[in-house]
Amino acid sequence: MRRISLEELLRARADVPYSVQCGYIMELMEKGEIKPLRASGTNGKKPAMFREYWKIEPEKDYAPLADELKYRLDARICIDYYLSHLDTYEKERRWVLMLSEFLGKRKEQLSHEESENERSFEIWNEEKFLCQGRGRTVLKHCGLEEDFFNIYRTSEPLAYYSHTRETPQNMVILENKDTFYSMRKFLLDGGEEILGMPVGTLIYGAGKKIIRSFQDFSFCAEPYMEVQGNRIFYFGDLDYEGIGIYEKLAGVFREEWEIIPFAAAYERMLEKAEAAGLGRMPDTKKGQNRNIKNEFFAYFPEKSVLRMKAVLEGGKYIPQEILNISDFY
């Protein structure tokens with residue numbers, strides 16, 4: 001049932017006499033198509049009619065859909081949920097039937113791994129179906145996990161600049177684009193060391209995206225980048241979010257790599273900020289997660305930690321962009 005106003009019921013009969021309108025409403029009530037919503041009150045006319053009604057929807061015959069679930073679908077699809085929610089099956093039926101046809105005729109294609117979007121298009125002719133909420137809901141209702149489809153997720157390709165492929169070497173992950181380009185230009189112009197440290201490769205992190213991109217490091221990286229003895233450093237904004245990105249990245253890949261803050265770069269940021277006056281630094285952006293650990297600070301001397309915490313606790317932050325090409329010598 002759904003609520004419907006008297007005005008909506010009479011919209012097509014707005015120009016006929018009131019007595020005819022009353023007769024029409026009475027007819028609908030006698031047929032059981034509507035019933036009055038007494039709490040809505042009457043319209044104040046004679047004879048009175050209620051201002052709102054319940055519109056009674058005819059019950060659907062779901063028997064054919066129940067039979068389809070029981071006898072037509074591939075046995076790998078669990079039908080328990082849909083048998084109890086036939087109205088939902090009616091809405092999702094198109095996608096379930098496409099999945100059933102794939103499993104019945106082309107299931108052997110699941111033996112080789114494909115990307116999420118490739119598999120999605122292969123089954124539903126929509127490359128984004130699996131990664132959207134609708135697709136995940138359909139899988140849940142069918143009792144199937146994503147692992148069943150033998151898929152992998154792709155990320156943005158790792159963007160990096162290789163200044164040298166000699167190993168072992170130092171590689172630096174940079175949170176922001178401007179610093180990546182500035183350091184790249186510095187190396188292209190003949191620089192070999194940045195803030196006293198030899199640097200062989202620069203990796204563009206793109207903020208939080210680096211965590212997803214770095215998951216494919218072994219797949220995307222050139223062989224020289226995975227040589228034992230290489231060291232990976234991280235340099236980002238000196239704020240809660242930048243420190244949080246570092247700590248999450250370092251934590252996720254701890255078993256494979258030790259990712260270290262580029263301490264000299266952070267120290268230079270502090271020096272420039274203090275010289276300019278910390279009060280002139282921008283205010284901390286709203287909504288940042290301030291739940292950072294001490295993993296980042298563990299790489300710095302106590303005096304530097306106190307200086308960095310003074311910035312954060314003072315409601316300020318220092319962006320990477322405080323440094324420019326003239327600071328890298």
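Every value quoted in this text rests on a predicted model; they were computed, and no experiment measured them.
Using cut-offs of 30° and 60° on the angle between ring planes, the pair Tyr81 and His141 is parallel.
In Glu145, the CD atom is not crowded: 12 or fewer heavy atoms of neighbouring residues, nucleotides or ligands sit closer than 6.0 Å. Crowding of Tyr181 atom OH: a count of heavy atoms from other residues, nucleotides or ligands under 6.0 Å not exceeding 12. Other residues, nucleotides and ligands contribute over 12 non-hydrogen atoms within 6.0 Å of the CD atom of Glu222. Atom NZ of Lys248 has 12 or fewer neighbouring heavy atoms from other residues, nucleotides or ligands inside a 6.0 Å radius.
Checked by atom type and distance alone, the side chain of Arg136 pairs as donor or acceptor with a backbone atom of Cys131 at under 3.5 Å. Without hydrogens or angle criteria, Gln320 side chain to Asn176 main chain gives a donor-acceptor distance under 3.5 Å. Judged by distance alone, with hydrogens and angles left aside, the side-chain atoms of Arg51 form no donor-acceptor pair with the main-chain N or O of Ser5 at under 3.5 Å. No donor-acceptor distance shorter than 3.5 angstrom exists from the side chain of Thr42 to the backbone of Phe50, with no hydrogens or angles considered. Within the 3.5 Å criterion, the main-chain N or O of Pro47 finds a donor-acceptor partner in the side chain of Tyr18. Checked by atom type and distance alone, the side chain of Ser100 never pairs as donor or acceptor with a backbone atom of Val96 at under 3.5 Å. Counting only distance, with no hydrogens or angles, the side chain of Thr201 and the backbone of Met171 share no donor-acceptor pair below 3.5 Å. Thr164 places a side-chain N or O within donor-acceptor distance of the main-chain N or O of Glu166, the cut-off being under 3.5 Å.
Using a 4.0 Å cut-off between charged side-chain N and carboxylate O, Glu126 and Arg134 make a salt bridge. Looking at Lys105 and Glu101, a side-chain N of the basic residue comes within less than 4.0 Å of a carboxylate O on the acidic one, giving a salt bridge. By the 4.0 Å N-to-carboxylate-O rule, Glu68 lies close enough to Arg93 to be salt-bridged with it. With salt bridges taken as basic N to acidic carboxylate O contacts below 4.0 Å, none links Lys293 and Glu247. Ion pairing between a basic and an acidic side chain is recognised when a charged N comes within 4.0 Å of a carboxylate O; Asp87 and Lys91 show no such pairing. Salt bridge absent: Arg231 and Glu258 never bring a charged side-chain N and a carboxylate O closer than 4.0 Å. A salt bridge is absent between Asp239 and Lys285: the closest approach of a Lys/Arg side-chain nitrogen to an acidic carboxylate oxygen does not fall below 4.0 angstrom. A salt bridge links Glu295 to Arg254: one of the charged nitrogens lies within less than 4.0 Å of a carboxylate oxygen.
No option in Phe262, Phe235, Tyr266, Tyr240 other than Tyr266 meets the ring-ring contact (aromatic ring centres under 6.0 Å, His included) test with Phe296. The ring-ring contact (aromatic ring centres under 6.0 Å, His included) test with Trp95 is passed by exactly one of Tyr82, Phe129, Trp124: Phe129. Shown are Leu10, Asp15, Leu6, Leu9; of these, the side-chain contact (heavy atoms from CB on, under 4.5 Å) with Gln21 is made only by Leu10.
Across Leu187 and Leu202, no two heavy atoms sit closer than the pair CD1-CD1, 3.9 Å.
In summary, the side chains of Tyr62 and Asp67 do not present any donor paired with an acceptor at a separation below 3.5 Å, with no hydrogens or angles considered. Between the side chains of Asn170 and Asn230, not a single donor N or O lies within less than 3.5 Å of an accepting N or O. Side-chain atoms of Gln109 and Glu122 form a donor-acceptor pair, as typed in the model, at a separation below 3.5 Å.
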**Item:** Ser182/Asn324 under side-chain contact (heavy atoms from CB on, under 4.5 Å): CA gap, chis, key distance, verdict
**Value:** CA-CA 7 Å; Ser182 296; Asn324 56 59; 5.6 Å; no

**Message:** Does Gln169 form a side-chain hydrogen bond (donor to acceptor under 3.5 Å, both in side chains) with Tyr224? I'd like the steps, not just the answer.
**Reply:** CA-CA 9 Å; Gln169 64 166 260; Tyr224 83 87; 4.7 Å; no

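Applying the salt bridge (Lys or Arg N to Asp or Glu O under 4.0 Å) rule to pairs touching residues 28-47 yields Glu27-Lys31, sequence neighbours excluded.
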